[in-house]
Amino acid sequence: MTKPPADFMFDHEVETLSRKSLADIQLERLRWSLDQVYENVPHYRKKFDAVGLKPQDLKTLADLKNFPFTVKTDLRDNYPFAMFTMPHIKLRRLHASSGTTGKPTVVGYTKGDLDRWSDLMARSMAAAGARPGDVIHNAYGYGLFTGGLGAHQGAERLGAVVVPVSGGGTERQVMLLKDFGADILCSTPSYALSIAEVAQEMGVDIAALPVRRGIFGAEPWSEEMRAALDQQLGITSVDVYGLSEIMGPGVACECDTARTGLHGWEDHFLFEVIDPETLDPLPMGESGELVVTTLTKEAMPMIRYRTRDITRLTDEPCACGRTHVRILRVTGRDDDMMIIRGVNVYPSQIEAVLVSVDGIAPHYQIIRNRKGAMDAIAVEVELDPKVPPTEANLSAKAEQVRHQIKSIIGISCDVIAKRQGELPRSEGKAVRVIDKRG
Ligand code: DLL
């Protein structure tokens, strides 16, 4: 088999469509999606009727802004299956996301939905630099979480050799990465760090292995964390985004050419950014909450789903030639935002600061508490193994991090430096914030 060219695309024709053609496809598919939900899902019919709108009232893409939003509690209120457009006989799979309290949110797929998801994940992996024939080590968790199976079916669709390891058993992960000569690592960025750390403890030079790409997502991570991962693993790390309510991983993915924003696959999704306070749509380029409408989902279409993820969109041409809009790195969810003495802070901003402090390892946790009536945070960090863990070093490094957070983000907080291994390690989505405010 001849090797595909470096700028290989999974679906060249669709990925490079003109913006006008994409908009035409979107309008036709949007009308179809509105019809599906209005005819088959009482929740949507009630909401559209309440504002006096019928699917036929959508004449242009801009008319979508008149239709109601969908939010996570709508899925909870319709637990488990009332958001589905069709009976179970037509479904082929269910997934669910755990959520912190109460019932999970349940999503369903037809055979066609699974097929399109496989295509989009294959498209994403190819954009990230994976190629047919590559060995793809998949350390996303398998099960109700969409990460494992989503990446798995995408890798197979691409024509790659998938190793379905799932999360955990980190020493075995290192052994398999080495013995099977993996080309691509799929995991959360925080778990990739745990793998790198365990490899080092095992005396395996992970940067010298053939792995050349990391396809990382499912949690917010910073550019600074990317630099740390590239360096520690000797790879090019690429950001992949998605959410169960919309599909799973592969809603958007960076190209390895530019690595400046994730191409959102606009032939299947329509992306908006809104002001989370006023709920007004924001112009291209402005930061706000990402809202996604599915255009081809059969079992569970979503109309104007409020993701709570904060980002910006750009339709500037990309060096890779793909024309689909780019979603800039998701800085965090609006429910993760902390307000510390009037300053809005996301965990990923704290991450960016401490990853760039020499002698500090990239593992951290943020404890939310109160000082008097005010919200406060304490940041727990770990010394890098190359720094001797003496009391003097621990307090000097804590002071250095505290100073950097103050000068870069502008907030005062306590910093506690710990010895290597004292903070919990992630096997999937890292828990970055512990709320002790009571
Ligand atoms: O995390 C799907 C996924 C799996 C994406 C594997 C990428 C890789 P959920 O468990 O439903 O689905 O969580 C979705 O995770 O709304 C974001 O808040 C966050 N998230 C996902 N990808 C990214 C990313 C999967 N690249 C929620 N950057 C989303 C920042 C992300 N946050």
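Just so it is clear, the model here is predicted, and its values are computed rather than measured. Hydrogens, waters and symmetry mates play no part in the numbers below; they use all other heavy atoms, side chains included. Just follow the structure's listing: the first ligand is 1, and inside any ligand the first atom is 1.
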Identity and distance of the protein heavy atom lying nearest [atom]:
{"atom": "atom 11 (O) of ligand 1", "answer": "S244 OG, 2.5 Å"}
{"atom": "atom 22 (N) of ligand 1", "answer": "A218 N, 3.1 Å"}
{"atom": "atom 25 (C) of ligand 1", "answer": "G242 O, 3.6 Å"}
{"atom": "atom 28 (N) of ligand 1", "answer": "E219 O, 3.4 Å"}

Considering the heavy atoms of [X], write down every atom of ligand 1 situated less than 4.0 Å from one of them.
{"X": "Y140", "value": "6 (C), 8 (C)"}
{"X": "P249", "value": "2 (C), 3 (C), 4 (C), 5 (C), 6 (C), 7 (C), 8 (C)"}
{"X": "T146", "value": "2 (C), 12 (O)"}
{"X": "G217", "value": "7 (C), 8 (C), 26 (N)"}
{"X": "G147", "value": "4 (C), 6 (C)"}

Can you find an N or O of [X] that's nearer than 3.5 Å to an N or O of ligand 1?
{"X": "D239", "result": "yes"}
{"X": "V330", "result": "no"}
{"X": "R333", "result": "yes"}

Should the pair D239-R329 be classified as a salt bridge under the 4.0 Å nitrogen-to-oxygen rule? yes
Any ion pair linking R437 and D375 (charged N to carboxylate O, less than 4.0 Å)? yes
Just to verify, which of R213, E254, R226 counts as forming a side-chain contact (heavy atoms from CB on, under 4.5 Å) with T236? R213
Among F84, W32, Y109, which one satisfies side-chain contact (heavy atoms from CB on, under 4.5 Å) with E298? W32
Verify the ring-centre separation between F69 and Y305: is it less than 6.0 angstrom? no
Establish, yes or no, whether a centroid distance under 6.0 Å links the rings of F145 and H95. no
Would you indicate which of I327, D309, V292 comes nearest to atom 16 (O) of ligand 1 when only heavy atoms are counted? D309
Take every heavy atom of K429, measure it against each atom of ligand 1, and state whether any distance is under 4.0 Å. yes
Is P220 near ligand 1, meaning one of its heavy atoms is under 4.0 Å from it? yes
For D256 and R259: C-alpha separation, side-chain torsions, deciding distance, then whether salt bridge (Lys or Arg N to Asp or Glu O under 4.0 Å) applies. CA-CA 5 Å; D256 63 344; R259 291 203 291 168; over 6 Å; no
Apply side chain to side chain contact (heavy atoms under 4.5 Å, CB included) to the pair I184 and R212, showing each step before the final yes or no. CA-CA 6 Å; I184 312 282; R212 59 170 204 278; 4.1 Å; yes
Compute both the distance and the angle, then confirm whether R123 meets the cation-pi test with F10: under 6.0 Å from the six-membered ring centre, within 45 degrees of the axis. no
Determine, stepwise, if the pair H88 / F81 fulfils ring-ring contact (aromatic ring centres under 6.0 Å, His included). CA-CA 9 Å; H88 278 37; F81 305 136; 4.4 Å; yes
